[in-house]
Number of protein chains: 2
Amino acid sequence: MTHSETRERPGKEERLVTSARELLHEQGVQCTTLAEIAEAADVPPGNVYYYFKTRDDLLRAVIDSRADNVRSLLASLDRRATPQARLKGLARAWADSAEVVAAHGCPLGSLVSELNKLDESLAKDASGLLRTLLDWAESQFREMGRRDAGDLAVTFIAGVQGAALLADTLSDAKLMTREARRLERWVESLG
Amino acid sequence: MTHSETRERPGKEERLVTSARELLHEQGVQCTTLAEIAEAADVPPGNVYYYFKTRDDLLRAVIDSRADNVRSLLASLDRRATPQARLKGLARAWADSAEVVAAHGCPLGSLVSELNKLDESLAKDASGLLRTLLDWAESQFREMGRRDAGDLAVTFIAGVQGAALLADTLSDAKLMTREARRLERWVESLG
DNA sequence: GTCTATATAGCGATAGAC
DNA sequence: GTCTATCGCTATATAGAC
């Protein structure tokens with residue numbers, strides 16, 4: 001970090017990651033060029049390589065940034081009193097972002113899905129995003145005294161991700177909110 | 001069709017669509033080049049354009065081919081006696097292809113997901129694949145006397161698609177079979 | 001009708017000027 | 001440390017030979 005960054009707008013590296021995050025979500029990984037990312041970040045095109053050695057390095061930085069978001073979301077949910085309340089809060093997070101999900105897909109699911117085909121190494125990194133969610137959900141179900149906590153976590157996250165795919169495909173935000181609400185009721189019914 | 005196609009292997013156009021189907025599923029839409037498709041179909045590279053005016057035209061042919069598969073699968077399930085048996089048969093179809101799904105994703109879901117980002121026009125065409133499944137499932141739930149047939153159809157197809165994404169991401173075929181079996185029991189419990 | 005050679009364009013990446 | 005000019009590659013698509 002240089003001396004001036006504390007008072008001005010974020011540094012170029014941070015701006016590149018932020019722009020890349022948004023564009024990858026809106027346009028997909030393969031459709032987004034370094035030139036577009038650089039322009040959105042207001043950084044000269046060829047200059048990207050000063051901050052990231054390769055395009056994949058920038059993609060990895062985006063994955064890390066998403067991972068930070070997931071961790072901080074889960075950390076905020078951990079403050080809730082009961083595992084049911086925590087799980088319902090997670091479902092609510094998707095309901096709250098239904099419009100974005102219907103427009104561009106789940107930021108996590110669509111990224112992972114695309115990388116699964118694109119690059120084995122990046123896919124492995126990105127799989128951690130879903131794994132973190134699954135592990136956290138499993139912990140909550142276990143705290144509820146469920147022996148089948150792992151299966152319940154899969155059902156929960158799969159329900160959210162499948163609904164996100166359908167909402168995106170049909171451009172139907174309400175589909176996402178309805179399914180998220182149903183999952184909240186389902187969690188309640190297990191209590 | 002020429003005079004010789006009846007006795008020999010499928011014509012070049014058909015071979016191109018078949019090869020494209022497989023490669024698009026295994027490698028994704030964007031990672032698969034026309035040259036690869038042509039080579040797999042044993043057709044000279046530049047010659048693809050004699051059969052398909054553009055790359056998108058070939059992609060559309062693949063979508064149509066997938067749509068035919070979906071329709072014939074649903075037609076075969078329609079022969080079963082009860083809507084429960086039909087829905088369970090649909091879930092079983094994914095359980096039976098769990099290995100392929102864990103290796104390359106759901107052939108329908110991953111295609112639709114990728115096209116959602118890639119091209120609006122193709123995405124619209126491909127969305128029909130999921131729409132057909134949803135409409136058919138809704139009919140079955142309605143025949144079971146459920147007022148919320150549309151919501152149940154969403155839950156059902158979302159569950160399958162979400163599980164396919166997780167199975168692909170974690171390379172875990174058993175995850176797909178477990179979740180498909182759970183959906184079968186769920187359908188049974190609604191009867 | 002069938003196929004080859006090539007045009008065109010856009011991307012990631014690099015070398016080196018400032 | 002910052003940026004520009006450009007290289008090399010690959011993909012779609014076309015023009016035209018056979």
Side-chain angles (χ1 to χ4, degrees), chain A residues 1-21 23-24 26-63 114-115 117-123 125, chain B residues 1-17 19-24 26-63 114-115 117-122:
Chain A
M1 185 189 294
T2 66
H3 64 288
S4 57
E5 282 178 19
T6 47
R7 301 178 88 245
E8 298 167 9
R9 68 172 170 174
K12 295 183 181 176
E13 182 170 335
E14 189 181 337
R15 272 161 30 217
L16 283 169
V17 174
T18 303
S19 296
R21 266 173 61 107
L23 287 171
L24 293 189
E26 292 168 10
Q27 306 182 340
V29 177
Q30 312 214 52
C31 293
T32 303
T33 68
L34 287 175
E36 285 175 308
I37 295 169
E39 189 185 357
D42 196 25
V43 170
N47 201 10
V48 176
Y49 289 93
Y50 177 73
Y51 301 98
F52 300 94
K53 222 176 57 171
T54 67
R55 185 178 193 267
D56 281 6
D57 273 13
L58 176 52
L59 296 184
R60 255 176 262 274
V62 169
I63 294 169
E114 211 174 345
L115 292 177
K117 304 257 179 197
L118 192 64
D119 183 281
E120 205 169 339
S121 167
L122 289 168
D125 290 351
Chain B
M1 186 189 294
T2 67
H3 63 289
S4 57
E5 282 178 17
T6 48
R7 298 177 89 243
E8 297 166 9
R9 68 173 171 175
K12 294 182 181 176
E13 182 171 334
E14 189 180 337
R15 271 159 33 216
L16 283 169
V17 174
S19 296
R21 266 173 61 108
E22 289 170 11
L23 287 170
L24 292 189
E26 291 168 11
Q27 307 183 340
V29 176
Q30 313 213 53
C31 293
T32 303
T33 68
L34 288 176
E36 284 175 308
I37 295 169
E39 189 185 357
D42 195 27
V43 169
N47 200 10
V48 176
Y49 289 94
Y50 177 71
Y51 300 99
F52 300 95
K53 223 177 59 174
T54 68
R55 185 179 194 265
D56 282 5
D57 273 15
L58 174 53
L59 296 184
R60 255 176 262 273
V62 169
I63 294 169
E114 212 174 343
L115 291 178
K117 303 257 181 200
L118 191 64
D119 181 281
E120 204 169 340
S121 166
L122 288 169

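A, B, ... follow the sequence lines: proteins, then strands. Residue 1 opens every chain. Note that these values count all heavy atoms, side chains included, but never hydrogens, waters or copies made by symmetry.
A:T18 is not listed as a side-chain neighbour of A:P10, based on a closest heavy-atom distance of 4.5 Å or more. A:S19 places none of its side-chain heavy atoms less than 4.5 Å from the side chain of A:E36. Using a 4.5 Å heavy-atom threshold, the side chains of A:Q27 and B:K117 count as separate.
Positionally, the nearest nucleotide of DNA chain C for B:P44 lies more toward the 5' end than for the other of B:P44 and A:T33.
Atom OH in A:Y50 sits about 19 Å away from atom P in C:dG16, given to the nearest Å. The separation between A:L58 atom CG and C:dC11 atom P is 15 Å, rounded to whole Å. Nucleotide C:dC11 holds its P atom 12 Å from the CD atom of B:Q30, rounded to whole Å. For B:I37 and D:dA13, the CD1 to P distance is 11 Å, given to the nearest whole Å. When rounded to the nearest whole Å, the span between OH of B:Y49 and P of C:dT2 equals 18 Å. Taking atom CZ on B:R55 and atom P on D:dT12, their separation rounds to 5 Å, with Å as the unit. In this structure, A:N47 places its CG atom 14 Å from C1' of D:dA5, rounding to the nearest Å. Between A:L34 atom CG and D:dT4 atom P the separation is 16 Å, expressed in whole Å.
One finds no side-chain N or O of B:K12 lying less than 4.0 angstrom from the OP1 or OP2 phosphate oxygen of C:dT2. Residue A:Y51 places at least one side-chain N or O under 4.0 Å from the OP1 or OP2 atom of D:dT2.
At a threshold of 4.0 angstrom between heavy atoms, the contacts of A:F52 with the nucleic acid are absent.
Considering CD1 of A:I63 and CG of A:L58, their distance stands at 10.0 Å, rounded to 0.5 Å.
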